[in-house]
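Nothing fancy with the numbering, it's 1 onward along the sequence.
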Amino acid sequence: MQVLGLSIFAWITIAVIIFKTVMTFRGKMSGDILALIIISVLMLTGTLTQEAALDSFGSPTVVTIGALLVLGASMVHAGVVHLISRQLGTPRTLSRAVTNLMVTVAGMSAFFNSNMITALFINIVKVWSKKVKIPASKLLIPLSYAAALGGLCTIIGSSTNLLAVSFYVDETGKQMSFFAPFIPGVACVVMGIATVILFQKFLPLRKLPEESFESSDNYTVELLVPTDCRSIGKTVEEARLQNVTGGHLIEIVRFDKEIISPVPDDEYIFGGDHLVFSGRIDDILQLRTTHGLVNATHHVFSVKELNKNRTLQMATVTWESCLVDKRLADIDFEKEHDVVLIAIAREGEHITDIPRETIIRPGDTLLFEGSRMNTESLYNDLLFFDTVALPQQGQKTYISMVIMSCMVLLSALRIMPLLNSALLAAGAMLITHCCSTEQMRRAINWKIVMIFAGSVCIGKAIEATGLASVLGHGIANTFGFSPLLALVMFCVVATIVTEFVSNATAAAVLIPIAMETAEILGANTLTFVVALMISISSAFATPIGNETNTMVYGPGGYKFSDFVKLGMTMNVVILITNIVTTCLVYPIEK
């Protein structure tokens, strides 16, 4: 049945794309769950056969992504990142510091997962910024941009590149060279670095979240239980000391230094207890009058003592976190993870409201105390950056570098397909003990695997339902059968769209249509794919346009607008550089 020239299955595909775009933009659903829903809908409606839908999980792209995640983790555990990070030097100017940082990170991101590199380098940059006496907020945005730009240079530089390659191989039956996007990618890296240096005045000066947490006196109050206090012998709940006006009880320190945190409702109050509250200080001090507490003469809750005797974890709330728009007072998060929320920083400033009563926003930095939380199980909700430790270099460092180099050569010289060489390299990492089986298991991010399996399904549906053909003919007619105009249109749309939806979604939708358009116009399909590959990963103007931007947003104490001025300039520069260099390397006419 045809409706407005499209089959019912094509309309289902369009509905799925709109649904995914809206849900991704609103951040109300985890990407892996969303991918599972999409695959289920496409399969159950008959838009894709069961075999085609389920094949997405075992597609070469998805398996290759898993293998490359393992390789990246192996290189980290072997000390390669530590070795390369030492090359940053001690520049005296911001321009030199930006150059050193961006060249180093871009070079690594061409062969490593850009998100992993960004996560590892956030703490490196913070420490390095103090050494070179340059504010970290002026370096974290260049870090994000460099990670994204470096990923443009090879087909393994980003997962999006691999997705684009898979569509190209399926459509043409030809293999894409390992360094197919290298020259346009390097040109974009050079122009990107030059743009950041030239417009460095747009790099914001912001206060880092941890600076708001340096003095515990700013967000905690300690009160002592005197021997004649009427609350002695009562439970915390009976004494009404758990949730008080202006804050909540986060810890009890006994006279013998026993620490109770989190504090259960049935915990008894004893004379000499130090009660540590978090929230609005002036309001909490009223407890001296209402509950007969007194000022603590010796504060046991200090940053120095905490670092020695307690576990503090600082984390940034992701844009798709289940904590967004919620208050911890309304959910069991603290109880489930055996922690208490001590303080919240937003855009680099400490929020003085009661932490548990504060509605959480994306990018907020949360300070917890208590048991060490499982960072892997909370990957979708919180990004932990204060616990990253880089292994030191050693013999395994050089062994892993040789293995990685062999993998690149085997693939680049087309001696072996990328998937085979990646799996072989992963096995070699395991045999040489550059990475343990447990480290490899933890390295595979199943969320990423699910997201790209869903994206592969969307791409297949666009092709199978004839949607790509219909749109391709429409675009060809609109632009008077001019391949260059069509290419420019696709790149512009890709640059805009990826600021608001995931790169994987943009690739799954645009690349099949672009390849069909290229075929109709008699143009070089490779030109369209390489140009779009770069455009889809070039999102610099918003903190949600690229995952690397999202990752530095909270730790840098940035505001949403901090990305706009420099990011829009970057978008224009990279767009022009991409189209010009790609057309020079791969002539648009066959």
Side-chain angles (χ1 to χ4, degrees), residues 1-24 35 38-39 41-53 55-56 59 160 163-174 454-498 500-533 535-536 588-590:
M1 183 175 68
Q2 295 283 321
V3 179
L4 298 178
L6 294 174
S7 68
I8 188 64
F9 297 119
W11 285 111
I12 291 173
T13 302
I14 292 173
V16 164
I17 293 170
I18 294 173
F19 172 73
K20 187 177 191 300
T21 302
V22 171
M23 296 304 294
T24 302
I38 288 169
I39 294 171
V41 169
L42 292 175
M43 183 173 63
L44 294 175
T45 58
T47 304
L48 284 180
T49 64
Q50 181 177 336
E51 292 75 15
D55 279 349
S56 300
S59 71
T160 308
L163 187 59
V165 172
S166 72
F167 289 140
Y168 176 78
V169 173
D170 289 344
E171 177 69 18
T172 66
K174 301 176 183 177
S455 298
V456 169
C457 265
I458 290 177
K460 286 183 177 181
I462 291 174
E463 286 284 352
T465 60
L467 187 59
S469 178
V470 171
L471 293 177
H473 279 91
I475 293 169
N477 291 327
T478 300
F479 290 94
F481 291 89
S482 170
L484 181 58
L485 288 178
L487 178 65
V488 171
M489 184 278 294
F490 273 111
C491 290
V492 170
V493 170
T495 301
I496 296 172
V497 166
T498 49
F500 305 102
V501 302
S502 69
N503 295 347
T505 302
V509 174
L510 293 175
I511 290 180
I513 299 172
M515 289 192 298
E516 188 67 32
T517 303
E519 285 296 320
I520 293 168
L521 296 174
N524 187 351
T525 304
L526 184 58
T527 309
F528 278 70
V529 174
V530 171
L532 267 180
M533 189 187 295
S535 293
I536 287 169
I588 199 166
E589 301 289 347
K590 282 187 177 179

[atom1]-[atom2] distance between [X] and [Y], expressed to the nearest 0.5 angstrom:
X    : Y    : atom1 : atom2 : result
T505 : I458 : OG1   : CD1   : 5.5 Å
S482 : L487 : OG    : CG    : 9.5 Å
S535 : N503 : OG    : CG    : 11.0 Å
S469 : I520 : OG    : CD1   : 5.5 Å
I588 : L485 : CD1   : CG    : 9.0 Å
M515 : E463 : CE    : CD    : 5.5 Å

Minimum heavy-atom distance [X]-[Y], with the two atoms named:
X    : Y    : result
A494 : L532 : CB-CD2, 3.7 Å
A508 : I462 : O-CD1, 3.4 Å
T517 : A486 : CG2-CB, 4.3 Å
F528 : P483 : CZ-O, 3.5 Å
T498 : A506 : CG2-CB, 3.5 Å
L42  : C457 : CD1-O, 3.9 Å

For [X], what residues pass the side chain to side chain donor-acceptor pair (under 3.5 Å) criterion, not counting sequence neighbours?
X    : answer
T13  : none
T495 : none
T45  : T47
S166 : T61

Are [X] and [Y] close enough that some pair of their side-chain heavy atoms sits under 4.5 Å apart?
X    : Y    : value
L48  : F9   : no
F19  : V41  : no
K174 : Y168 : yes

message = Under the rule for side-chain contact (heavy atoms from CB on, under 4.5 Å), what residues qualify as partners of I14, not counting sequence neighbours?
response = L6, W11, I18, L467
key: Partner residues of A164 under the side-chain contact (heavy atoms from CB on, under 4.5 Å) criterion, sequence neighbours left out   = I511, V529, M533
